[in-house]
Asks: 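Here it is: the structure, laid out below.
Hydrogens, waters and symmetry mates are skipped; everything else that's a heavy atom, side chains included, is used. Both counts, for ligands and for their atoms, begin at 1 and track the order of listing.
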Amino acid sequence: MTDDLDRLMEVMEAAFEPQWGEAWTRRQVSESLVFPHTHSRLFGEDGQVALPEQPAAGFTLVRAAPGEEELLLIAVHPSHRGRGLGRRLLDQVIADARQRGAERVFLEMRSNNPAERLYRAAGFEPIGRRKDYYRLPSGKRLDAITFVCLIKGSST
Ligand SMILES: CC(C)(COP(=O)(O)OP(=O)(O)OC[C@H]1O[C@@H](n2cnc3c(N)ncnc32)[C@H](O)[C@@H]1OP(=O)(O)O)[C@@H](O)C(=O)NCCC(=O)NCCS
């Protein structure tokens, strides 16, 4: 049987380009999931939560704190991109955060990530920039941009 971590790592290894140094190792993911406030979601290629034996096409990793959450990672397997799956995953992140009573969701991305368009379409707005925050494997540096999505209709 393929467990959730195996399925998540299959997407991780295919989705992130090595030049950006963004992929997490299996150990980093498994250690983060030890904490009860870190949550992962696996979606199948049909855009629904993946059934236990179904291969994952995309995943998210979220850290929840009282009142606010942080999207740590989002990825869709390259063979399933451009069909709205990333948007489905983001909408689920926001729905989960709302259900847990959060008022906002944060994320941080390197300044040249084309995912910015997707984030803005889903309701995220840039609120800050950390100059030269990311150091790439090549040695080059890139700014980090922090985005926030304010959750309407939050119960708190
Ligand atoms: C970002 C990502 C999850 C989007 O998944 P997806 O299923 O293709 O997303 P959707 O189909 O819902 O939306 C596609 C939108 O994302 C944007 N986009 C994100 N990454 C893109 C890329 N590498 N190339 C082109 N467009 C990209 C496009 O603007 C597109 O919008 P459009 O349809 O209006 O042109 C996917 O590209 C990915 O896994 N990228 C690598 C991992 C990554 O960078 N994650 C974010 C940092 S943790």
Asks: Is M109 linked to L89 within one hydrophobic cluster, defined over Ile, Leu, Val, Met, Phe, Trp and Tyr using a side-chain heavy-atom separation of less than 4.5 Å?
Replies: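 Yes.
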Asks: Any ion pair linking D4 and R7 (charged N to carboxylate O, less than 4.0 Å)?
Replies: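 Salt bridge present between R7 and D4.
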Asks: Tell me which part of F16 gets within contact of ligand 1: side chain, backbone, both or neither, using heavy atoms under 4.0 Å.
Replies: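 Looking at F16 and ligand 1, just side chain atoms fall under 4.0 Å.
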Asks: Taking both backbone and side-chain atoms of R87, is any N or O found less than 3.5 Å from an N or O belonging to ligand 1?
Replies: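 Yes, since at least one N or O of R87 sits under 3.5 Å from an N or O of ligand 1.
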Asks: I need the S111 OG to K131 NZ distance, nearest 0.5 Å.
Replies: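 Answer rounded to 0.5 Å: 8.5 Å.
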Asks: Got a second to check how far M12's CE is from R26's CZ, nearest 0.5 Å?
Replies: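 These two atoms lie 10.5 Å from each other.
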Asks: Considering non-hydrogen atoms only, spot the tightest contact between L85 and G58 and give its length.
Replies: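 That would be CD2-N, 4.5 Å.
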Asks: Only heavy atoms count here, so choose which of A121, A57, A15, P114 is nearest to atom 26 (N) of ligand 1.
Replies: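 Residue with the shortest heavy-atom distance to the ligand atom: P114.
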Asks: For ligand 1, which atoms have a heavy atom of R83 less than 4.0 angstrom away?
Replies: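 Going through ligand 1 atom by atom, the ones under 4.0 Å from R83 are 11 (O).
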Asks: Distance to 0.1 Å, residue and atom name: give those for the protein heavy atom nearest to atom 11 (O) of ligand 1.
Replies: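 Atom 11 (O) of ligand 1 sits closest to the protein heavy atom G84 N, 2.8 Å.
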Asks: To the nearest 0.5 Å, tell me how far F59 CZ sits from R41 CZ.
Replies: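 Result: 14.5 Å between the selected atoms.
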Asks: So which bit of N113 gets within less than 4.0 Å of ligand 1, heavy atoms only: side chain, backbone, both or neither?
Replies: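 N113 to ligand 1: side-chain contact only, backbone stays beyond 4.0 Å.
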Asks: Note the single closest protein heavy atom to atom 5 (O) of ligand 1, along with its residue, its atom name and the distance in Å.
Replies: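 For atom 5 (O) of ligand 1, the nearest protein heavy atom comes out as V76 CG2, 3.6 Å.
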Asks: Is there a path of hydrophobic side-chain contacts, each under 4.5 Å between heavy atoms of I/L/V/M/F/W/Y residues, joining L61 to L71?
Replies: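 Different clusters.
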Asks: Measure the CZ-OH distance between R110 and Y133 for me, rounded to the nearest 0.5 Å.
Replies: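 The CZ atom of R110 sits 15.0 Å away from the OH atom of Y133.
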Asks: Check whether any N or O atom of L72, backbone or side chain, sits under 3.5 Å from an N or O atom of ligand 1, and answer yes or no.
Replies: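 Not met; the criterion fails.
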Asks: Write out the residue and atom name of the closest protein heavy atom to atom 4 (C) of ligand 1, then the distance separating them to 0.1 Å.
Replies: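 Minimum-distance protein heavy atom for atom 4 (C) of ligand 1 reads L118 CD2, 3.7 Å.
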Asks: Any idea which of A14, A122, G86, A115 brings a heavy atom closest to atom 9 (O) of ligand 1?
Replies: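 Among A14, A122, G86, A115, the closest heavy atom to atom 9 (O) of ligand 1 comes from G86.
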Asks: Tell me whether atom 32 (P) of ligand 1 lies less than 4.0 Å from at least one protein heavy-atom position.
Replies: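 For atom 32 (P) of ligand 1 the answer is yes, since some protein heavy atom falls inside 4.0 Å.
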Asks: Determine, using the 4.5 Å side-chain heavy-atom cutoff (strictly less than), whether I145 and V148 are members of one ILVMFWY cluster.
Replies: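 As far as the 4.5 Å side-chain criterion goes, V148 and I145 are not connected within one cluster.
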Asks: Looking only at protein heavy atoms, which one is nearest to atom 35 (O) of ligand 1, and what is the separation?
Replies: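 Its nearest protein heavy-atom neighbour is R117 NH2, 3.4 Å.
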Asks: Just to check, does M109 reach to within less than 4.0 Å of ligand 1 when the distance is taken from its heavy atoms?
Replies: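 So M109 does not count as touching ligand 1.
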Asks: I need the nearest protein heavy-atom contact for atom 8 (O) of ligand 1: residue, atom name and distance, please.
Replies: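 The answer is G82 N, 2.8 Å.
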Asks: For atom 45 (N) of ligand 1, what's the nearest protein heavy-atom neighbour? Residue, atom name and distance, please.
Replies: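 Sorting protein heavy atoms by distance from atom 45 (N) of ligand 1 puts I74 O, 2.8 Å first.
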Asks: Looking at CG of L8 and CD of E13, how far apart are the two atoms once the value is rounded to the nearest 0.5 Å?
Replies: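 The distance works out to 10.0 Å.
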Asks: Between H77, E17, R81, E22, flag the one that comes closest to atom 41 (C) of ligand 1 by a heavy atom.
Replies: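 Checking each option, the heavy atom nearest atom 41 (C) of ligand 1 is found in R81.
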Asks: Is atom 14 (C) of ligand 1 near the protein, in the sense that some protein heavy atom lies at less than 4.0 Å from it?
Replies: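 Answer no: nothing from the protein, no heavy atom, is under 4.0 Å.
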Asks: Considering distance alone, does some N or O of Y119 sit under 3.5 Å from an N or O of ligand 1?
Replies: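 Such a contact does not occur with ligand 1.
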Asks: Is there at least one protein heavy-atom neighbour under 4.0 Å from atom 47 (C) of ligand 1?
Replies: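 Given the 4.0 Å cut-off, atom 47 (C) of ligand 1 counts as touching protein heavy atoms.
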Asks: Look only at the side chain of D143 and the backbone of D132, and say whether a donor-acceptor pair between them is shorter than 3.5 Å.
Replies: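 Yes.
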Asks: To the nearest 0.5 Å, what is the distance between CZ on F147 and CD on E108?
Replies: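 The CZ atom of F147 sits 10.5 Å away from the CD atom of E108.
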